[in-house]
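This report concerns only the one structure given below.
Every number for a ligand or one of its atoms is a count from 1 in the order of the listing. Only this structure's heavy atoms are used, side chains among them; waters, hydrogens and symmetry mates stay out.
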Amino acid sequence: MHTYHTPLDLVRERSPERPVAFARPDAVAVAARWFQDKFQGDVFYAVKANPSPWVIEALVKNGVNSFDVASIREIELVAQSAPGARMAFMHPVKSRKAISEAYHRFGVKTFALDTHEELGKILEATGGAQDLTLIVRLAVVAEGASYSLAGKFGVDLHEAPALLLAARRATQGKMGVSFHVGSQCMRPTAYQAAMAQAQRAIVRAGVMVDIVDVGGGFPSIYPGMIPPDMGDYVDSIQRGFAEMSVHEETELWAEPGRALVAEASSVLTKVELKKGDALYLNDGSYGTLFDAAHMKWPFPVKLYRGEGDDAHEVEGPLKPFRFYGPTCDSIDHMPGPFWLPDDIREGDYIEIGMLGAYGVAMSTNFNGFGEAEIVEVKDAPMASMFGLAGRVIRLPREEQAEERKVVRLSRPKGAAGKKRRRR
Ligand SMILES: *Cc1c(COP(=O)(O)O)cnc(C)c1O
């Protein structure tokens, strides 16, 4: 991977015609170390958030050597980029072939399930293996998520006790529970509340669990979505865990995806046309901007203009713009608002920040677009939950109060909440 000091250096060196994705392995490193340090349990990275080999490698280098995978392709990716890493197959619905290959070919022993039927499939496809770790995915009622994951997966709490009991009886290995409070969870207490629900199901089943897996959902910062301090999330989990009747050896797991990688990538796009407040770009909803289109999330932006040594960042008075992507599909529209200098014009470059999670990972080749080159950069992300940002999200004046809040929130908390690591 080619390295530039900053995105502007790349614009200076060669005005790129196609979108460029920036990789910041240092930002992954800081997030990984934060979770290692502050989360009192095992961290499994949810590979789907960003399966790039440079991400997997940066995580492993910084102590995250466990991965939440959902397909054989993801298992192969992890096996290639992180040989010997621990994997947990956390998709509650798997093909028999995938289960069998995961177990026999890749040595995966941990499987999630949310039905008796899936439990049967796992037992049969592994040839009645006795060394399985079985995780029962619960459907919890959670508030505060920007991206709900309820509905598709998880056993209802009133049906959970029977499934917990069946899973407990099915393995000589470990058995646990998991849930997902929903992605970009803005409320730390959602975890403690979900753990209380898990606790009730466990008590009703009359079983002991060896693992409590609190899933993903840890937030990142986007304009208009400024979450509480990340420390509040691990504190809520710690409180929830302390209130559960688990045994001394019960392990606490988490599966962060977004929080580990969101800051680590941004994308450089080129303005092909300006039509009023609409900017037509060479990247869009079929490329790296899925959430900007379908969730209508406004992402932070910077503007670069000029070629060679003349290339520079443009500041100027800001105006709200919306984006259209390069495909002929009219849903390829990102409403924003994206705050950019009002004299923005064709040929300018827009760097869109905070696209490390569910951004580069979602790109398709629809309509002949979508291929983004990846280069490494050394500058800070546009905003940070981990005190990394050299500058914070650029917001219009009326939202400057929010901007100050970002600065405050992104400062790492002291040693508060540091307790004995419980395994
Ligand atoms: C997507 C997913 C995650 C990661 O969620 P984030 O919101 O990105 O942290 C974790 N666990 C499971 C089972 C998932 O499907």
Which of the atoms in ligand 1, numbered in the order shown and given with their element, are less than 4.0 Å from a heavy-atom of [X]?
| X | result |
| --- | --- |
| D68 | 10 (C), 11 (N), 12 (C), 13 (C) |
| G257 | 4 (C), 6 (P), 8 (O), 9 (O) |
| S183 | 6 (P), 7 (O), 8 (O) |
| R258 | 6 (P), 8 (O), 9 (O) |
| Y358 | 1 (C), 4 (C), 5 (O), 6 (P), 8 (O) |

**Message:** Could you check whether F338 and F299 have their ring centres less than 6.0 Å apart?
**Reply:** no

**Request:** Fit a plane to each ring of Y222 and W297, take the angle between them on a 0 to 90° scale, and name the class: parallel (under 30°), tilted (30 to 60°) or perpendicular (over 60°).
**Result:** tilted

**Request:** Just say parallel, tilted or perpendicular for the rings of Y286 and F366, cut-offs at 30° and 60°.
**Result:** tilted

**Request:** Mind checking the CD-CD1 spacing from Q80 to I75? Nearest 0.5 Å is all I need.
**Result:** 12.5 Å

**Request:** Could you tell me whether ligand 1 has any atom less than 4.0 Å away from a heavy atom of F153?
**Result:** no

**Prompt:** Are R137 and ligand 1 in contact, using a heavy-atom cut-off of under 4.0 Å?
**Reply:** yes

**Asked** Which of these, G154, A46, G217, A254, has its nearest heavy atom closest to atom 9 (O) of ligand 1?
**Response** G217

**Prompt:** Would you say the side-chain atoms of K121 pair up with the backbone N or O of K94, donor to acceptor, closer than 3.5 Å?
**Reply:** yes

**Request:** Report the part of H91 in contact with ligand 1, treating N, CA, C, O as backbone and CB onward as side chain, heavy atoms under 4.0 Å; options are side chain, backbone, both, neither.
**Result:** neither

**Prompt:** What about Q184: any of its N or O atoms under 3.5 Å from an N or O on ligand 1?
**Reply:** no

**Request:** Just do the salt bridge (charged side-chain N to carboxylate O under 4.0 Å, His left out) check on D213 and R137 with the steps written out, would you?
**Result:** CA-CA 9 Å; D213 175 355; R137 168 91 171 253; over 6 Å; no

**Prompt:** Is the charged tip of R322 near the ring of W339: under 6.0 Å from the six-membered ring centre and within 45° of its axis?
**Reply:** no

